[in-house]
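So the structure is just underneath, and the comments pick up after that.
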Amino acid sequence: MKLWKSFHRQKMGVRPHQIIFEKENTENTYITWEDKMKPRIDVDDGVTMEEYRAMAARWEEMLSLAEEIVWRNYLNPKSDDLMSEVDSFPDIRSLTGNYYVGDVSYGYVHRDKKHRPYQMKDGRLRHKYHNGKEWVAEWLPLDSPEITRYYRILLHLRLTGDEGGKEEDYMGLDLIAEFVKLDDPLEFEILSHDVI
């Protein structure tokens, strides 16, 4: 019977389904499947309460977009991101279709006209990169016309798998959205996915 379920999942795919845990995350820590708690919420310094509320109010929109990414890239049997080899990752045959939100971060990122990120440091904006030999820092003033401040939302999803008849963490999926105005359309990109 288990073989039939695995084959059916491989052939038909399964739509994403969010698992919502009711247990409070009183310490606001990173969570795993075993914890079965609400997600960790991280708000960067400088984000006002009004900005946080405006971003958090788009929760259902965020989840809808995230589910489309999960379906298109990991649960749809026709996805180019899935490998057909045994023991490949991610393997559609191992995914249950269930996911939960591990944590969500609300913040800012400053970018120049080349879309390079800058962080606030010592009252200025710094872009730090490695040139092959050493770390190099480029500095700009906070009010530089070269810089645009973007709101940033990071969604950290945990997709569950069924290995050995037991549902457990299988894959972490990090999604990122950046936008200039709080009412701009949201568009998430895959930042990374990895084995949990």
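- Under a hydrophobic clustering in which Ile, Leu, Val, Met, Phe, Trp and Tyr are joined whenever their side-chain heavy atoms come within less than 4.5 Å, directly or via other members, Trp71 and Tyr74 fall into the same cluster.
- Ion pair Arg152/Glu178 not flagged as a salt bridge, since none of the NZ, NE, NH1 or NH2 atoms sits closer than 4.0 Å to an Asp/Glu carboxylate oxygen.
- Residue Ile31 is grouped with residue Ile19 when hydrophobic side chains (ILVMFWY) are merged at heavy-atom distances under 4.5 angstrom, including chains of intermediate members.
- One N or O on the side chain of Asn131 and one on the backbone of Lys133 form a donor-acceptor pair closer than 3.5 Å.
- Using a distance-only test at 3.5 Å, with no hydrogens or angles considered, no donor-acceptor pair links the side chain of Asn73 to the main chain of Val70.
- One finds the CG atom of Leu157 at 5.0 Å from the CG atom of Leu175 (value rounded to the nearest 0.5 Å).
- Looking at Arg58, its side chain does come within 3.5 Å of a backbone N or O of Leu182 through a donor-acceptor pair.
- Remark: of the listed residues Glu61, Met62, Glu68, Glu67, Glu61 is the sole one forming a side chain to side chain contact (heavy atoms under 4.5 Å, CB included) with Leu65.
- Under the 4.5 Å side-chain criterion, counting only non-hydrogen atoms from C-beta, Thr29 is in contact with Met37.
- Put simply, the side chain of Asp44 never gets that close to the backbone of Val47: no donor and acceptor are under 3.5 Å apart.
- At least one side-chain heavy atom of Ile153 sits less than 4.5 Å from a side-chain heavy atom of Met55.
- Atom CD of residue Gln18 and atom OG of residue Ser64 lie 11.5 Å apart, to the nearest 0.5 angstrom.
- With rounding to the nearest 0.5 Å, the separation of CG in Leu142 from CE in Met120 is 6.5 Å.
- Listed by chain and residue number, Asp169 satisfy the side-chain hydrogen bond (donor to acceptor under 3.5 Å, both in side chains) test with Tyr100 (two or more places apart in sequence, or in another chain).
- When each of Lys114, Arg116, Lys121, Lys128 is checked for a salt bridge (Lys or Arg N to Asp or Glu O under 4.0 Å) with Glu138, only Arg116 meets the rule.
- Grouping the Ile, Leu, Val, Met, Phe, Trp and Tyr side chains by contacts below 4.5 angstrom, directly or via other members, places Leu173 with Leu75.
- When the side-chain hydrogen bond (donor to acceptor under 3.5 Å, both in side chains) test is applied to His127, no partner is found at least two apart in sequence or on another chain.
- The cluster map of Ile, Leu, Val, Met, Phe, Trp and Tyr, joined by side-chain heavy atoms under 4.5 Å apart, puts Ile196 and Leu154 in different clusters.
- A salt bridge is absent between Lys36 and Glu22: the closest approach of a Lys/Arg side-chain nitrogen to an acidic carboxylate oxygen does not fall below 4.0 angstrom.
- A salt bridge is defined here as a Lys NZ or Arg NE, NH1 or NH2 lying under 4.0 Å from an Asp or Glu carboxylate O, and Glu51 with Arg149 meets this definition.
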Residues Ile92, Val14; criterion side-chain contact (heavy atoms from CB on, under 4.5 Å); working and verdict:
CA-CA 9 Å; Ile92 192 172; Val14 52; over 6 Å; no

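- Looking only at side-chain heavy atoms (C-beta outward), Pro117 and Arg111 come within less than 4.5 Å of each other.
- The environment of CD in Glu34 is crowded: more than 12 heavy-atom neighbours from other residues, nucleotides or ligands sit within 6.0 Å.
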Before giving the answer on side-chain contact (heavy atoms from CB on, under 4.5 Å), spell out for Thr148 and His110 the whole-Å C-alpha distance, their side-chain angles and the decisive distance to 0.1 Å.
CA-CA 6 Å; Thr148 302; His110 297 84; over 6 Å; no

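- Remark: Tyr151 engages Tyr108, Phe179 in a ring pair (Phe, Tyr, Trp, His ring centres under 6.0 Å) (not counting sequence neighbours).
- When all heavy atoms of Trp59 and Leu155 are compared, the pair lying nearest together is CZ3-CD2, 3.9 Å.
- The distance from atom CG of Leu125 to atom CD of Gln119, rounded to the nearest 0.5 Å, is 9.0 Å.
- Of the possible polar contacts, none joining the Asn28 side chain to the Arg40 backbone as a donor-acceptor pair under 3.5 Å is found.
- Looking at heavy atoms from C-beta onward, Ile69 lies in side-chain contact with Ile190 at the 4.5 angstrom threshold.
- The local environment of CG in Asp45 is sparse, with at most 12 non-hydrogen atoms from other residues, nucleotides or ligands closer than 6.0 Å.
- Put simply, the side chain of Asp42 does not reach to within 4.5 Å of the side chain of Asp103, judged on heavy atoms.
- In this pair, His193 and Phe89 present their aromatic rings tilted. The plane angle is within the 30 to 60° band.
- Linking Ile, Leu, Val, Met, Phe, Trp and Tyr whenever their side-chain heavy atoms come within less than 4.5 Å leaves Leu186 and Val109 in two separate clusters.
- Ring pair Trp33/Phe21 is perpendicular by interplanar angle, where above 60° counts as perpendicular and below 30° as parallel.
- Residues Asp112 and Tyr118 form a side-chain contact, since some pair of their non-hydrogen atoms from C-beta on lies under 4.5 Å apart.
- In this structure, OG in Ser94 is found 12.0 Å from CG in Leu159, a value given to the nearest 0.5 Å.
- The shortest distance between side-chain heavy atoms of Asn25 and Lys23 does not fall below 4.5 Å.
- Side-chain N/O atoms of His156 and Tyr30 include no donor and acceptor closer than 3.5 Å.
- The shortest distance between side-chain heavy atoms of Tyr170 and Arg158 does not fall below 4.5 Å.
- Interatomic distance, Met171 CE to Ser192 OG, rounded to the nearest 0.5 Å: 9.5 Å.
- Between the side chain of Thr160 and the backbone N or O of Thr96 there is no donor-acceptor pair closer than 3.5 Å.
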